[in-house]
Amino acid sequence: MIFGPTPLDEARGAVLAHTIRLQGRVLKKGTVLDQAAIGALQQGGHGSVIAARLEPGDVPEDEAADRLANALMGPLLSRSRASTGRVNLFAESSGLLVVDPAVVNRLNALDESLTLATLASHVPVAAKEMVATIKVIPFAVPGPVLQVAEAMARQGATALSLHPFRPLKVGLVLTELPGVKESVMEGAVEATRDRVEALCGALLPPERTRHETTPIADALNRLRRQGSQILLIAGASAVVDRRDVGPAAIVRAGGSIDHFGMPVDPGNLICLGHIDDIPALVLPGCAKSPKLNGIDWVLQRLFAGLAVTPRDVMGMGVGGLLKEIEARPLPRAEAANAPAPAQAPRRPRQVAALVLAAGRSRRMAPLNKLLVPDETGTPMVARVVENVLASRARPVVVVTGHERERVEQALAGRAVRFAHAEDYAEGLSASLKAGLAALPEEVEGVVICLGDMPLVAGPMIDRLMAHFDPEEGRAIVMPTFRGKQGNPMLWAVEFLPEMMAINGDVGARHLVGKHADRMVEVEMADDAVLRDFDTTEALKKAPGFAGVR
């Protein structure tokens, strides 16, 4: 790839390295210069530009990112489309992400043009959570380099694999000693149940016994007969040796001990064993607490179907110091009597919501689609507004126009503000400007919701708001589903002057191309963000609207 000052008469097909603003036009970084763009540059007084010119065999950044992503794909992984040399990889289900650092490091060491960033290995992830990102650094990658990277990603060990959590049945034995409070026993059950259910499992009714070997062994066997797939022992007294009461009960029940202790604090005093092919664990005392500790790491692997060997446990030391983290960075002796340093909570961004409900529904005339009731009798616009009110966005401003009185009546009693677009017949931009003008000065962003998208739920809007941070470059937040862009979109107030200048029957979406470097896409779990309803036939297919006539 040739990079540097490029005369305009040699620039056709070159990739523009930096954004150039011309009168009436902006040429964004990454633009492939065609004759029209070159003509505009010449008219603007430019004789040359800083650009990249691809040489034979070079692969453009988006194609390179796309090819490497395809080579890294595996079961239960999905991906975004390539954009600005980047592809993101996502989990398709909840489970444990396993990363092979050797493969990742080899890929990153191959050439500076290619990078792969992942989450840490053996971390639990939720469905649709991003697990890795591929970024091509320059505008192109040499073809031979990309071919080697593809081969490395496909051959040998897998760089990324997702192991879904399995719905296992878990048996728990609680041992009792005189003087142990009932609240402690109840707390141990509650903490264990929360852990198990968070991993998609189910806790069988706990067995309570004396803190003695034989009763514990008998309880383990009863739980086995009930179908337990993991056995846990929460002792009234912490285990201190592999021949202590709890481990001895596993052996008496026909099992054996695999490993005692782990380099994770809290969680040191864990004992791992098995009875036949059922894992059997004696829990450390910290397992009675809901805070993260070593037992969480072990259970995550077991629920994901991964073996936990002594070598695995002994390899958990790096990162295993969980006790003195951000909340307790002082030496332990000092921290015991010192208050934790104050952590300044991050101030949530104040985001308003705008619901555009001024349109004339010409494609559904004579019906006003916003007033069409669902199967419960709730008008579509009311259902949309209720979804928005279920989010954290405040205030909620509803823009009215066509059939203003009927729309306001449909929303009576709901905590919204109204803004009337007198010139709503001029198109979408009139509604947009009326709503923006009604926003309070203190808001930092606005999510623009369409009145004919009743399937967009409050948590979806909250997910957009969670990614909104203008200071970090996330000033426009756009929802996507399987790579397709949707609505609603969240905009920082810095774009309001440009929005207020829009005319005609258009919204603000065309501004995205101008500010692509300030936008982030957020993948959603379903296609609600793609589904608006302009016709009666389309509305009949919407959940809850099957009875529309």
Side-chain angles (χ1 to χ4, degrees), residues 344-359 381-401 404 407-408 411 413-424 428-453 456-479 485-503 506-512 514-522 524 529:
R346 186 169 185 172
R347 181 177 61 84
R349 304 284 180 181
Q350 184 168 354
V351 174
L354 212 59
V355 179
L356 302 183
V381 68
R383 184 163 162 181
V384 170
V385 166
E386 288 171 358
N387 286 340
V388 177
L389 287 171
S391 75
R392 293 185 291 107
R394 291 295 184 276
V396 177
V397 179
V398 179
V399 182
T400 60
R404 169 186 182 179
V407 171
E408 291 184 359
L411 299 176
R414 293 173 174 85
V416 300
R417 305 180 185 181
F418 292 100
H420 183 60
E422 295 287 351
D423 50 354
Y424 68 89
L428 181 59
S429 63
S431 298
L432 182 62
K433 286 188 278 191
L436 296 176
L439 295 178
E441 292 183 0
E442 65 268 22
V443 301
E444 299 171 80
V446 55
V447 56
I448 300 175
C449 307
L450 305 184
D452 60 356
M453 297 187 72
V456 175
M460 295 181 178
I461 297 173
D462 287 343
R463 182 166 167 78
L464 298 179
M465 293 172 60
H467 286 77
F468 178 62
D469 194 330
E471 293 177 3
E472 294 187 7
R474 301 191 298 274
I476 305 172
V477 188
M478 175 182 288
Q485 297 177 340
N487 281 299
M489 291 178 60
L490 198 166
W491 298 81
V493 293
E494 68 187 75
F495 302 111
L496 263 58
E498 292 180 76
M499 292 181 178
M500 294 296 286
I502 297 171
N503 293 304
V506 294
R509 184 176 287 267
H510 67 281
L511 298 177
V512 170
K514 183 178 178 181
H515 301 287
D517 55 339
R518 302 276 290 156
M519 185 191 76
V520 62
E521 294 184 345
V522 179
M524 295 293 176
V529 296

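Throughout, numbering of the chain's residues begins at 1 and tracks the sequence.
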J.: Who are the salt bridge (Lys or Arg N to Asp or Glu O under 4.0 Å) partners of Arg509, not counting sequence neighbours?
T.: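 For Arg509, no residue satisfies salt bridge (Lys or Arg N to Asp or Glu O under 4.0 Å) once neighbours in sequence are set aside.
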J.: For Ala438 versus Ala419, what's the shortest heavy-atom pair and its separation?
T.: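 Ala438 and Ala419 have their closest heavy atoms at CB-CB, 3.8 Å.
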J.: Does a side-chain heavy-atom distance below 4.5 Å link Leu389 with Arg394?
T.: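 Heavy-atom side-chain distance check passes, below 4.5 Å.
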J.: Restricting to side-chain hydrogen bond (donor to acceptor under 3.5 Å, both in side chains), what partner residues turn up for His420, sequence neighbours left out?
T.: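 Per chain and number, His420 pairs via side-chain hydrogen bond (donor to acceptor under 3.5 Å, both in side chains) with Thr400.
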J.: Just jot down the salt bridge (Lys or Arg N to Asp or Glu O under 4.0 Å) partners of Asp423, sequence neighbours excluded, or say none.
T.: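 Not a single residue meets the salt bridge (Lys or Arg N to Asp or Glu O under 4.0 Å) criterion with Asp423.
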J.: Go through Asn387 and Cys449 one step at a time and tell me if the side chain to side chain contact (heavy atoms under 4.5 Å, CB included) criterion holds.
T.: CA-CA 10 Å; Asn387 286 340; Cys449 307; over 6 Å; no
J.: To the nearest 0.5 Å, tell me how far Leu432 CG sits from Ile448 CD1.
T.: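 Reported value, rounded in 0.5 Å steps: 5.0 Å.
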J.: Can you name the residues that form a side-chain hydrogen bond (donor to acceptor under 3.5 Å, both in side chains) with Arg414, not counting sequence neighbours?
T.: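 For Arg414 the side-chain hydrogen bond (donor to acceptor under 3.5 Å, both in side chains) partners, ignoring immediate neighbours, are Glu386.
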J.: List in chain and number order the residues that pass side chain to side chain contact (heavy atoms under 4.5 Å, CB included) with Val512, two or more places apart in sequence or in another chain; answer none if no residue qualifies.
T.: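 Only Met478, Met489, Trp491, Met519 meet the side chain to side chain contact (heavy atoms under 4.5 Å, CB included) criterion with Val512.
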J.: Which residue is it: Val397, Val399, Val446, Ile502? I am looking for the one with a side-chain contact (heavy atoms from CB on, under 4.5 Å) to Leu436.
T.: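 Exactly one candidate clears the test, Val446.
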J.: Please report the interatomic distance CG(Leu428) to CG(Leu450), rounded to the nearest 0.5 Å.
T.: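 Here the interatomic distance stands at 7.5 Å.
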J.: Restricting to side-chain hydrogen bond (donor to acceptor under 3.5 Å, both in side chains), what partner residues turn up for Arg463, sequence neighbours left out?
T.: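 Partners of Arg463 under the side-chain hydrogen bond (donor to acceptor under 3.5 Å, both in side chains) test: none.
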J.: For a 4.5 angstrom cut-off between non-hydrogen side-chain atoms, does Val477 reach Val520?
T.: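 When only atoms from C-beta onward are counted, Val520 and Val477 do touch, with a gap below 4.5 Å.
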J.: Taking the side chain as C-beta and beyond, is there a heavy-atom pair between Leu354 and Leu439 under 4.5 Å?
T.: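 Yes, close enough: below the 4.5 Å cut-off.
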J.: For Ala353, which residues count as a side chain to side chain contact (heavy atoms under 4.5 Å, CB included) partner, sequence neighbours excluded?
T.: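 Scan of Ala353 (side chain to side chain contact (heavy atoms under 4.5 Å, CB included), adjacent residues dropped) gives Val388, Ala393, Val396, Val447.
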J.: Where is the tightest heavy-atom contact between Val529 and Met453, given as atom of each residue plus distance?
T.: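 Closest approach of Val529 to Met453, heavy atoms only: O-CE, 3.3 Å.
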J.: Say you draw a straight line from CD of Glu521 to NE2 of His467; how long is it, rounded to the nearest 0.5 Å?
T.: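 So the CD of Glu521 and the NE2 of His467 are separated by 11.5 Å.
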J.: Please identify each residue that fulfils side-chain hydrogen bond (donor to acceptor under 3.5 Å, both in side chains) with Glu408, with sequence neighbours left out.
T.: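 Glu408: side-chain hydrogen bond (donor to acceptor under 3.5 Å, both in side chains) contacts with Arg404.
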J.: If the condition is salt bridge (Lys or Arg N to Asp or Glu O under 4.0 Å), which residues does Glu422 pass it with, not counting sequence neighbours?
T.: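 Partners of Glu422 by the salt bridge (Lys or Arg N to Asp or Glu O under 4.0 Å) criterion come out as none, since no residue qualifies.
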J.: Pick one: which of Val456, Leu464, Val522 meets side-chain contact (heavy atoms from CB on, under 4.5 Å) with Pro479?
T.: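 Of the listed residues Val456, Leu464, Val522, the side-chain contact (heavy atoms from CB on, under 4.5 Å) partner of Pro479 is Leu464.
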J.: Of all the heavy-atom pairs spanning Gly445 and Val493, show the shortest one and how long it is.
T.: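 Reported closest heavy-atom pair: N-CG1, 3.8 Å.
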J.: Could you work out, with side chain to side chain contact (heavy atoms under 4.5 Å, CB included) as the rule, every residue matching Pro440, not counting sequence neighbours?
T.: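 Scan of Pro440 (side chain to side chain contact (heavy atoms under 4.5 Å, CB included), adjacent residues dropped) gives Pro395, Arg417, Glu442, Val443.
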J.: By side chain to side chain contact (heavy atoms under 4.5 Å, CB included), which residues pair with Ala475, not counting sequence neighbours?
T.: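 Side chain to side chain contact (heavy atoms under 4.5 Å, CB included) check on Ala475 returns Pro470, Ala492, Glu494, Phe495, Arg518.
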